[in-house]
*Asks:* 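Dropping the structure in here first, questions after.
Each chain gets a letter, A, B and so on, in the order the sequences are listed, and its residues count up from 1. Bear in mind the structure is a predicted one, so any value in this text is a computation, not a measurement.
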2 protein chains.
Amino acid sequence: MRFTLRQLQVFTRIAQYQSVSQAADQLAMSQSAASTALKELERSYDCLLFDRAGKRLIINALGLELLPRARALLEQAQALEGLLTDNHGFGSLSVGATMTIGNYLATLLIGHFMQQHPSCKVRLHVHNTAQIVQQIASYQLDLGLIEGYYQDSNIIAEPWIADELVVFCAPQHPLAQQGHASLDELVNEEWIVREQGSGTRVAFEQAFMRHQRAIKIRLELEHTEGIKRAVESGLGIGCISRLALRDAFKRGSLVAIETPELNLTRQFTFIWHKHKYQTDAMSEFLSLCRGLTENIQRSDQIDLATLV
Amino acid sequence: MRFTLRQLQVFTRIAQYQSVSQAADQLAMSQSAASTALKELERSYDCLLFDRAGKRLIINALGLELLPRARALLEQAQALEGLLTDNHGFGSLSVGATMTIGNYLATLLIGHFMQQHPSCKVRLHVHNTAQIVQQIASYQLDLGLIEGYYQDSNIIAEPWIADELVVFCAPQHPLAQQGHASLDELVNEEWIVREQGSGTRVAFEQAFMRHQRAIKIRLELEHTEGIKRAVESGLGIGCISRLALRDAFKRGSLVAIETPELNLTRQFTFIWHKHKYQTDAMSEFLSLCRGLTENIQRSDQIDLATLV
DNA sequence: TGCGTATTATCAATTTAACAGATTTGTATT
DNA sequence: AATACAAATCTGTTAAATTGATAATACGCA
């Protein structure tokens with residue numbers, strides 16, 4: 001390793017401002033020191049990162065190649081520094097979750113956890129599955145909670161509970177009084193569902209795919225709340241996670257439709273890095289979640305909403 | 001940034017050998033220097049990474065937490081150093097591809113490319129889509145070639161050609177003489193297909209899903225070659241990429257069945273990191289691939305196999 | 001228990017690297 | 001040509017890294 005993080009820092013700043021002086025100011029060092037640092041970096045690898053056009057520096061091909069990777073390295077270094085400075089005591093916990101889980105489940109889990117461990121700082125990051133996996137892979141997150149299964153040699157995946165989607169409609173809808181619906185009835189309805197690519201949509205489509213039946217989608221929305229409102233106003237019937245509907249069902253503003261022919265369950269999965277050290281906070285959080293699973297099985301409840 | 005890469009190097013080695021002396025030997029430095037480096041790292045963050053049990057150092061919770069991230073950082077640093085040392089001249093190229101693409105397409109593309117640029121070193125990594133995306137995101141790969149579409153704020157996706165799956169059977173099969181088949185005929189056949197989760201399987205199932213028809217799957221295999229052999233021996237009919245069947249069709253060992261009612265095309269997509277600098281090698285490779293696309297359109301060919 | 005050995009920590013001295021301030025060089029502007 | 005500005009270079013100073021030697025400590029073994 002013939003370079004230092006300092007040199008990389010100087011390099012990225014100079015590249016950013018296209019100026020040694022400004023970079024030096026930013027880094028609270030002399031212009032001379034910055035100039036030397038850059039020259040030293042170039043000298044030790046016998047290459048040029050900038051073209052010198054007189055007094056201006058113009059970053060060249062190799063420099064441009066280096067720049068994003070240098071930035072990424074510095075970012076990772078900073079994350080590592082965060083670990084060293086923040087993490088005294090019981091430790092903190094960074095959890096990543098997908099949107100459905102993050103908004104309805106992870107917040108409850110984290111609430112529980114924080115009650116039991118008031119001193120532990122917890123952060124929740126809501127992203128899509130791919131982003132969470134990537135952040136787990138680069139140690140930016142301690143723990144991920146995603147929909148579906150996941151396989152990767154560097155990542156441990158532990159299936160957690162199965163979530164249940166539920167078909168629902170407005171109270172004044174004909175199916176509301178009936179309380180249940182057959183496949184044929186469902187196919188004739190107009191649907192309001194999540195957008196293509198969302199975990200909810202995938203689970204929804206797979207349920208119908210097993211029966212080789214087409215459905216009429218009237219509206220695609222990116223948020224469950226939007227779907228609830230659209231269904232409330234009678235635009236059609238919807239299908240989202242039961243977790244997001246608990247209050248609405250209790251209130252009576254929306255009504256569940258039983259669909260015995262459809263399998264609307266899906267799996268939630270915990271993931272973490274194979275080589276990541278499990279902090280006490282991580283272990284505690286996981287065992288709390290595992291404990292909830294056992295409660296579910298014992299009490300013959302299908303969904304989590306009644307428990308958390 | 002109050003730590004240096006050197007300190008991290010010393011830390012990881014000491015953790016590896018549980019010994020300052022051995023680590024110092026490994027790093028070609030004095031025991032004293034290694035001891036100081038570790039102490040300095042601990043002092044500057046006011047923490048302990050090891051428990052001192054007499055003359056032995058036993059890594060503690062924080063140390064274990066730090067270790068994998070330190071290793072990851074050093075690995076990334078080394079990759080960056082590789083860039084600085086190797087990459088003089090035209091540069092090298094790291095391409096990631098999924099299995100179907102990697103085995104039948106990427107090798108041909110890379111062959112073409114290397115013929116035109118003999119001095120350029122190219123590496124091909126075959127992984128699943130998620131892994132490729134992750135490696136693109138962390139700058140480990142220059143370029144990825146995946147099946148389907150992909151959306152991510154940090155990743156640029158450029159649709160390339162559409163690949164075509166084709167239904168096929170053994171020459172002695174009744175459908176072989178007919179040369180084509182209706183949806184009803186296809187549904188009555190027994191199928192040999194790729195496993196759940198593969199890009200080929202997804203494309204196959206989506207084609208039937210559009211018509212709300214179920215198919216009878218007799219055998220699931222993880223390799224196209226296996227499927228070809230199984231179909232050859234009359235176990236059923238198959239559906240895989242036309243690219244993998246060109247030779248078999250030419251030889252006559254397998255026969256294509258036209259399926260006008262089914263849309264068996266799928267998209268191949270190039271991906272690269274938004275912030276990655278496009279080396280000459282990258283640009284050249286991409287423009288070669290784009291050039292092939294134009295040839296396809298001009299010559300009214302649907303598949304690539306006749307061209308490369 | 002006492003002694004040799006191995007290992008870490010510490011000290012003193014030296015080399016090396018980092019840095020600031022002043023100076024020089026090179027380029028663009030007028 | 002004079003001026004202005006920015007990068008490179010030079011010089012001395014300070015801080016850090018490293019070494020070799022030494023002290024302190026624990027372990028194994030008689």
*Asks:* Which of these nucleotides, C:dA9, D:dA7, D:dT9, is closest to any side-chain atom of B:S35?
*Replies:*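 The listed nucleotide nearest to B:S35's side chain is C:dA9.
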*Asks:* Spell out yes or no: do the side chain of A:S32 and the base of C:dG21 have one donor N/O and one acceptor N/O closer than 3.5 Å?
*Replies:*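 For A:S32, whose side chain was compared with the base of C:dG21, there is a donor-acceptor pair (under 3.5 Å).
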*Asks:* Roughly, in whole Å, what's the span from CG in B:D51 to C1' in C:dT8?
*Replies:*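 Going from CG in B:D51 over to C1' in C:dT8 covers 15 Å.
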*Asks:* Which listed nucleotide (D:dT18, D:dA7, C:dA9) is nearest to the side chain of A:V20?
*Replies:*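 Ranking D:dT18, D:dA7, C:dA9 by closest atom to the A:V20 side chain puts D:dA7 first.
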*Asks:* Look at B:E40 together with B:R43 and state whether they make a salt bridge at an N to O cut-off of under 4.0 Å.
*Replies:*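 Yes, B:E40 and B:R43 are salt-bridged.
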*Asks:* With a 3.5 Å cut-off and heavy atoms only, can you find an N or O donor on one side and an acceptor on the other between the side chain of A:Q31 and the base of C:dA20?
*Replies:*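 In this structure, the two groups form no donor-acceptor pair.
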*Asks:* What's the closest nucleotide to the side chain of B:K39 if the choices are D:dT19, C:dT10, C:dT8?
*Replies:*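 The listed nucleotide nearest to B:K39's side chain is C:dT10.
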*Asks:* Which of these nucleotides, D:dA8, C:dC19, D:dA17, is closest to any side-chain atom of B:T4?
*Replies:*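 Shortest atom-to-atom distance from the side chain points to D:dA17.
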*Asks:* Where the side chain of A:A33 is defined as all heavy atoms beyond and including C-beta, which of D:dA7, C:dA20, D:dT19 is the nearest nucleotide?
*Replies:*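 Closest nucleotide among those given: C:dA20.
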*Asks:* Please tell me if B:S21 has a side-chain N or O lying less than 4.0 Å from either OP1 or OP2 of C:dT8.
*Replies:*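 Checking C:dT8 against B:S21, a side-chain N or O does come within under 4.0 Å of OP1 or OP2.
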*Asks:* Let me know the distance between CE of A:M29 and P of D:dT13, rounded to the nearest Å.
*Replies:*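 Checked: the CE to P distance equals 21 Å.
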*Asks:* What integer distance in Å separates A:L49:CG from D:dA7:C1'?
*Replies:*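 Interatomic distance, CG of A:L49 to C1' of D:dA7: 16 Å.
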*Asks:* Report the distance from atom CG of A:L41 to atom C1' of C:dA18, rounded to the nearest whole Å.
*Replies:*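 Going from CG in A:L41 over to C1' in C:dA18 covers 15 Å.
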*Asks:* What orientation do A:F3 and A:Y45 show, parallel under 30°, tilted 30 to 60°, or perpendicular over 60°?
*Replies:*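 Tilted.
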*Asks:* Give the ring-plane orientation class for A:H127 versus A:H125, where under 30° counts as parallel, over 60° as perpendicular and anything between as tilted.
*Replies:*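 Rings of A:H127 and A:H125: parallel, as their planes differ by under 30°.
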*Asks:* Does C:dC19 have its OP1 or OP2 closer than 4.0 Å to a side-chain nitrogen or oxygen of A:R6?
*Replies:*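 Looking at the OP1 and OP2 atoms of C:dC19, one of them is under 4.0 Å from a side-chain N or O of A:R6.
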*Asks:* According to the interplanar angle, ranging from 0 to 90°, do the rings of B:F268 and B:W160 count as parallel (below 30°), tilted (30 to 60°) or perpendicular (above 60°)?
*Replies:*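 It falls in the parallel class, under 30°.
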*Asks:* For C:dT8, does OP1 or OP2 lie under 4.0 Å from any side-chain N or O of B:S19?
*Replies:*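 For C:dT8, OP1 or OP2 has a side-chain N or O of B:S19 closer than 4.0 Å.
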*Asks:* Checking all strands, does A:E40 fall into the base, sugar-phosphate, or nothing category for heavy-atom contacts under 4.0 angstrom?
*Replies:*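 No contact.
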*Asks:* Determine the interplanar angle of the A:H117 and A:F113 rings, folded into 0 to 90°, and report it as parallel if under 30°, tilted if 30 to 60°, perpendicular if over 60°.
*Replies:*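 Plane angle between 30° and 60°, so tilted.
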*Asks:* Counting only side-chain nitrogens and oxygens, does B:R52 get under 4.0 Å of the OP1 or OP2 atom of C:dT8?
*Replies:*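 Indeed not, no polar side-chain atom of B:R52 lies that close.
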